[in-house]
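Remarks on the structure that follows.
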Protein chains: 2
Amino acid sequence: MVRWKPGARERLQAAALERFGAQGFDGTTVAEIAATAGLTERTFFRHFADKREVLFSGQDEFERLFLAGIEEAGDSDPMAIVAAALEGATAFFPDERRSWSRARQRVIDADPGLQERELLKLSGLATAMTDGLRRRGVDPTAAALAAESGVAVFRVGFATWIAEGEERPLAEVLRAVLTQLRSLVTAPQV
Amino acid sequence: MVRWKPGARERLQAAALERFGAQGFDGTTVAEIAATAGLTERTFFRHFADKREVLFSGQDEFERLFLAGIEEAGDSDPMAIVAAALEGATAFFPDERRSWSRARQRVIDADPGLQERELLKLSGLATAMTDGLRRRGVDPTAAALAAESGVAVFRVGFATWIAEGEERPLAEVLRAVLTQLRSLVTAPQV
DNA sequence: ACCCTGATGTCAGCGACTGCCATCAGTACG
DNA sequence: CGTACTGATGGCAGTCGCTGACATCAGGGT
């Protein structure tokens, strides 16, 4: 007989998402989440650094996908490398995950604190991409710009992908947004 | 005789920056900041929504400068409007302010929580710019992209402006970064 | 003289988070 | 077979961020 039920971390994540959806982030205490998962508050904080973090696990793997895309890109043009990274990251968001992503995003959009955390994660992603690009010999400032632009494209594309009525897969949306960025920035300068 | 010394808010801000610089953000309690300013903890929270916010006042005025730039831009090309907004915002950061900005940024860069708040502010700025662009008839997705790109340019440019050894005024740095973005995104596509 | 306003103080209390120590099933090792 | 060790958990006390409710009291207006 096992001493502890396995998957404590996953139970906590599921309990948290369910409670947040039902009562909101602020209306849910950590003790309540832990109790729902059959654990105690103290144990929650052994699995997650803080209350918000419970919604942002897996971000590391997501970041790794981006970096893999950067490292395996055949090209050497910065924006082309970024495009490859975006392409690679879409593996993290298959169509089956769209409705789950919607639910999670609804919770995040309802709380400024969670938005802060999301932004910090995306900022970390941009930094990681910047480093990856520099390792491939891209000029430092150009690397930062390309990475920031790539993250911007991802943000806009992801929001579009999640929007009501949108049917295209993420990869296709991202390609469209990137194309739009190119034409925007290239537009007639006055 | 006055009942309270005037400028409570400013005294709190000065006390906070000084303490944060000396002991770090986490190593400073709100009660300590308030005491330094000759006030109580409760009064601190009447002036600022939370402990972090004491470093981010004035952001509203900053945002207004951006919006004014957008509304007064003579152009109708999205990125040209964004360029005008960037130009207008530089008024908020004259050269005399560079060393103060450096000190404040050093505090922020040392604490993830403060970075989160900064990102949230910049995100709010991007949203405001997006709305401003849409009010000028720019296509919604294009507006979001242009705004995000504009904020990215500002971030990269501001970091450059603040860097050790940099001497050019912010406006000049921003123009250079924007030019670099154009050539990046326009680069040969493979 | 009177009341009203507004910035402040005081106090009690909740919830997030941490440090420290205890518990005890399973595992490794002598 | 017993003993020591490991690792996930619980319990508890304590700090700090933050809030609501109520009191205070100088100055301004009536």
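Below, chain A is the first sequence line, B the second, and so on; all start at residue 1.
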| message | Quick check on the hydrophobic clustering: are B:Leu178 and B:Leu145 connected, directly or via other members, by side-chain heavy-atom contacts under 4.5 Å? | response |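 Yes, it is one cluster - the side chains of B:Leu178 and B:Leu145 are joined through contacts under 4.5 Å.
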**Prompt:** Relative to the 5' end of DNA chain D, which residue comes earlier, B:Arg42 or A:Gly38, by the nucleotide with the nearest heavy atom?
**Reply:**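 Result: A:Gly38.
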Short side-chain donor-acceptor distance under 3.5 Å, B:Ser57 and B:Arg9 =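 On atom types as modelled, these side chains qualify, holding a pair under 3.5 Å.
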Measure [atom1]/[X] against [atom2]/[N] and give the value in whole Å, please.
X        : N      : atom1 : atom2 : value
A:Glu41  : C:dG19 : CD    : P     : 14 Å
B:Arg11  : C:dT8  : CZ    : C1'   : 11 Å
B:Phe45  : C:dT8  : CZ    : C1'   : 16 Å
A:Arg117 : C:dA16 : CZ    : P     : 14 Å
B:Lys51  : D:dC18 : NZ    : C1'   : 12 Å
B:Trp4   : C:dG6  : CH2   : P     : 10 Å
A:Arg52  : D:dG17 : CZ    : P     : 14 Å
B:Phe48  : D:dT19 : CZ    : P     : 14 Å

Do you know the tightest heavy-atom contact between [X] and [Y]?
X        : Y        : result
B:Leu125 : B:Glu63  : CD1-CG, 3.8 Å
A:Phe93  : A:Ser101 : CD2-OG, 3.9 Å
A:Ser123 : B:Leu119 : CB-CD1, 3.6 Å

| said: Clusters formed by hydrophobic residues whose side-chain heavy atoms approach within less than 4.5 Å: which one holds B:Leu39, and what are its other members? | reply: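 Hydrophobic cluster check, B:Leu39: joined to B:Leu12, B:Leu17, B:Phe20, B:Phe25, B:Val30, B:Ile33, B:Phe44, B:Phe45, B:Phe48, B:Val54, B:Leu55, B:Phe56, B:Trp100, B:Val107, B:Ile108, B:Leu114.
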For this session: Could you pull out all residues at least two apart from A:Asp50 that satisfy side-chain hydrogen bond (donor to acceptor under 3.5 Å, both in side chains)?
Result: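 Result, side-chain hydrogen bond (donor to acceptor under 3.5 Å, both in side chains) vs A:Asp50: A:Arg117.
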### Heavy-atom donor-acceptor pair, A:Arg46 side-chain to D:dG7 base, under 3.5 Å
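Between D:dG7 and A:Arg46, which were checked side chain against base, a qualifying N/O pair under 3.5 Å is absent.
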Self-check item: 5′-ward residue of the pair B:His47/A:Ala49 relative to DNA chain C
Solution: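 That would be B:His47.
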| Near DNA chain D, under 4.0 Å by heavy atom, which residues of residues 12-35 of chain A? |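 Within residues 12-35 of chain A, no residue comes under 4.0 Å of DNA chain D.
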